[in-house]
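Have a look at the structure below before the remarks.
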Amino acid sequence: MSANTGIEYARPPRPVAVSVAVSTIAQLLARGVHLCVNVGISLALIRYFGPRRYGDFVFVITVTAVFALVSEFGLRNLAVRSISRDPAVAPLMLGSVLAARMATGLVTAAAAQFVCLAFGADRTVHYAVLVSSMLFFTDALMSIGIIFQVELRQEYDAAIRATIELLELVMIVVLIRRSAGLVAIVAAPVTSAWIGVALMAFMARLRFGLRLRVDWRALPTLLREAFPFALIGIAGVAYLKLDALVLVALRPRTDVGVYGAAFQPIENVLLTSIILTNVLFPILAATYVPDRERFRKVYQSGAEALVAVVAPVPMILLVLGDPFVQSVYASKYAGAVRPLQTLAFALIFMVVNVWQGFVLVAAGRQQATLVYVSVAIVLNVIVDVFLVHRYGPQGAAVGTLLTSLFLVACSTIAVSRLTGSRLDLVRFARIAVPMVALAATVWVLYRGFGLPWWISLLGGSAAWPVMLRVAGLFSIAEARTILKRPSQSRLSEVTP
């Protein structure tokens, strides 16, 4: 048993560099499974429902996503930061977080029904939101998986979540073949999530001997401490999801379906990029006080890596957006091309915003994030009401792009002033050269040689790492320096 954590280990801990590498690879593989499954499910549902019924589905998942963040109440980030700094609190912190999240789940499930009433949803949509709200409770129970993140053993979490995804895919395929309705479709992820809860509880107990404890008297204090995190999370999701809600209020449900189809691949890439954020967040939290220089390096390198991951998306879609939509979604979704391309450029700023929000949380400066994101939400609503009313889905996409630009400016200034860490903007500017080269390469493959769009996409994607290396944007030596711990072998042993 570890003297520091009070948690049992089946074998000696690994060096942090190995743990980060294994966790990242495992999460990438799991995200690959998620991406493939989610793309398959999304395409199947987009074609199965059609724009009008898919608009109802988008409404359900949008409302659920917003209230899922309300239900989570920022407790996960609070727990990760607390346990990273003091591993001994893990059993009590995780047990208390789980209990608190079950309580917030009840409140938010009821609140989601009031939102349905406000938007005039029909009975089927009400039932679908109610069923989907059960995910609030499965997510609460999966809070025990925080131990995998803090201990950098996310291969366990990855395996469990990949299993959940595959089970969901099988259920969706069966339901579509049986011409199931909206309520049955949204019940599939809920069912697979309950199986995931059982697997996660078993693995946490087997691998770490984790025994949860709850301090019921401390729950009000815990919720007060988590409140800033909750507001940040709610605000962050709100700014991403408000466009769809404004569309629901101002435009036909068909436009909602078109915009949802455009946003789906962007959301998949955004969620994939968060893998690296989740892996590096415990390092940020643990090093801010004792090793500010390493904190700065992790911040800079993490931002560069995230931008490098998503930068190909807008350049590829700029050339291949139309054939992609026509081939993958069918001609009735032709209106999704321009919103998709616009959102692809917004994606670059989205990932930087998410990363800088985590940086501020690691430094204990999350209140700043709440301030500028709240301002961005107000601006987004104002811009969206005008743009959506006039331009429909494309107006919503432009609103997201403008809001993302505003947030990048605010978050960069906040990190610089509050943590003393600054991005090397010259290095970031250099990525424009390989981006232009990528667009030119894809254009030559598709237009010049007349290759199918998907072959052109694969060719451009394969060339991207080479272009980055030629531009000198990555250093393996720098990555090793960031992950190296000279005197300790475990991240959880570093406390402020």
Side-chain angles (χ1 to χ4, degrees), residues 69 72-86 149-150 222-240 270 273-274 276-307 348-380 402-429 478 481-482 491 494-496:
L69 260 295
E72 195 270 340
F73 210 74
L75 289 162
R76 182 180 183 90
N77 287 338
L78 176 64
V80 171
R81 192 180 71 177
S82 299
I83 298 171
S84 295
R85 293 178 174 180
D86 184 6
Q149 180 181 356
V150 173
L222 185 65
L223 290 171
R224 283 197 301 271
E225 291 178 356
F227 187 65
F229 294 92
L231 293 179
I232 292 167
I234 294 165
V237 170
Y239 113 82
L240 289 175
L270 179 62
S273 71
I274 294 177
L276 182 61
T277 301
N278 287 335
V279 170
L280 292 179
F281 178 61
I283 299 177
L284 284 171
T287 58
Y288 177 69
V289 173
D291 193 348
R292 194 66 64 84
E293 178 60 21
R294 186 179 176 199
F295 176 87
R296 184 193 66 77
K297 290 181 179 179
V298 174
Y299 165 49
Q300 172 73 31
S301 298
E304 291 178 0
L306 287 165
V307 171
I348 297 176
F349 306 107
M350 289 180 190
V351 298
V352 175
N353 290 330
V354 171
W355 173 242
Q356 297 197 137
F358 272 88
V359 171
L360 290 169
V361 168
R365 299 288 189 165
Q366 58 273 4
Q367 291 84 354
T369 306
L370 177 60
V371 172
Y372 65 72
V373 173
S374 298
V375 174
I377 289 174
V378 175
L379 293 175
N380 194 23
L402 294 175
T403 305
S404 298
L405 285 167
F406 172 79
L407 285 170
V408 162
C410 292
S411 61
T412 302
I413 293 171
V415 171
S416 175
R417 291 184 176 180
L418 298 177
T419 73
S421 301
R422 294 174 176 82
L423 293 175
D424 187 340
L425 298 181
V426 174
R427 283 174 62 94
F428 271 104
E478 183 182 27
T481 300
I482 293 170
L491 177 66
V494 179
T495 55

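The structure presented is a predicted model; accordingly, all values stated were derived computationally and were not measured. For this chain, numbers begin at 1 and follow the sequence in order.
Rounding to the nearest 0.5 Å places CG of Leu306 at 10.5 Å from CD of Glu304.
Residue Trp355 comes nearest to Tyr299 through the heavy atom pair NE1-O, 3.0 Å, listed as atom of the first residue, atom of the second, then distance. Scanning both residues, Phe428 and Gln300, for their nearest heavy atoms gives CE1-NE2, 4.1 Å.
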Which is it for Val307 and Val352 under the side-chain contact (heavy atoms from CB on, under 4.5 Å) test, yes or no, and what are the steps along the way? CA-CA 7 Å; Val307 171; Val352 175; 3.6 Å; yes

Inset, instruction - Just do the side-chain contact (heavy atoms from CB on, under 4.5 Å) check on Leu407 and Val373 with the steps written out, would you? - result: CA-CA 7 Å; Leu407 285 170; Val373 173; 4.0 Å; yes

* To do: Tell me, with the steps shown, if Val375 and Phe406 meet side-chain contact (heavy atoms from CB on, under 4.5 Å).
  => CA-CA 10 Å; Val375 174; Phe406 172 79; 3.8 Å; yes

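A donor-acceptor distance shorter than 3.5 angstrom exists from the side chain of Asn353 to the backbone of Phe349, with no hydrogens or angles considered. Side chain of Ser411 to main chain of Val408: a donor-acceptor pair is present (N/O by atom type, distance under 3.5 Å, no hydrogens or angles).
For the residue pair Thr412/Gln356, the side-chain donor-acceptor check at 3.5 Å is satisfied.
Counting only heavy atoms from C-beta outward, the side chains of Phe295 and Val359 approach each other to under 4.5 Å.
Atom CZ of Arg292 has more than 12 heavy atoms from other residues, nucleotides or ligands within 6.0 Å.
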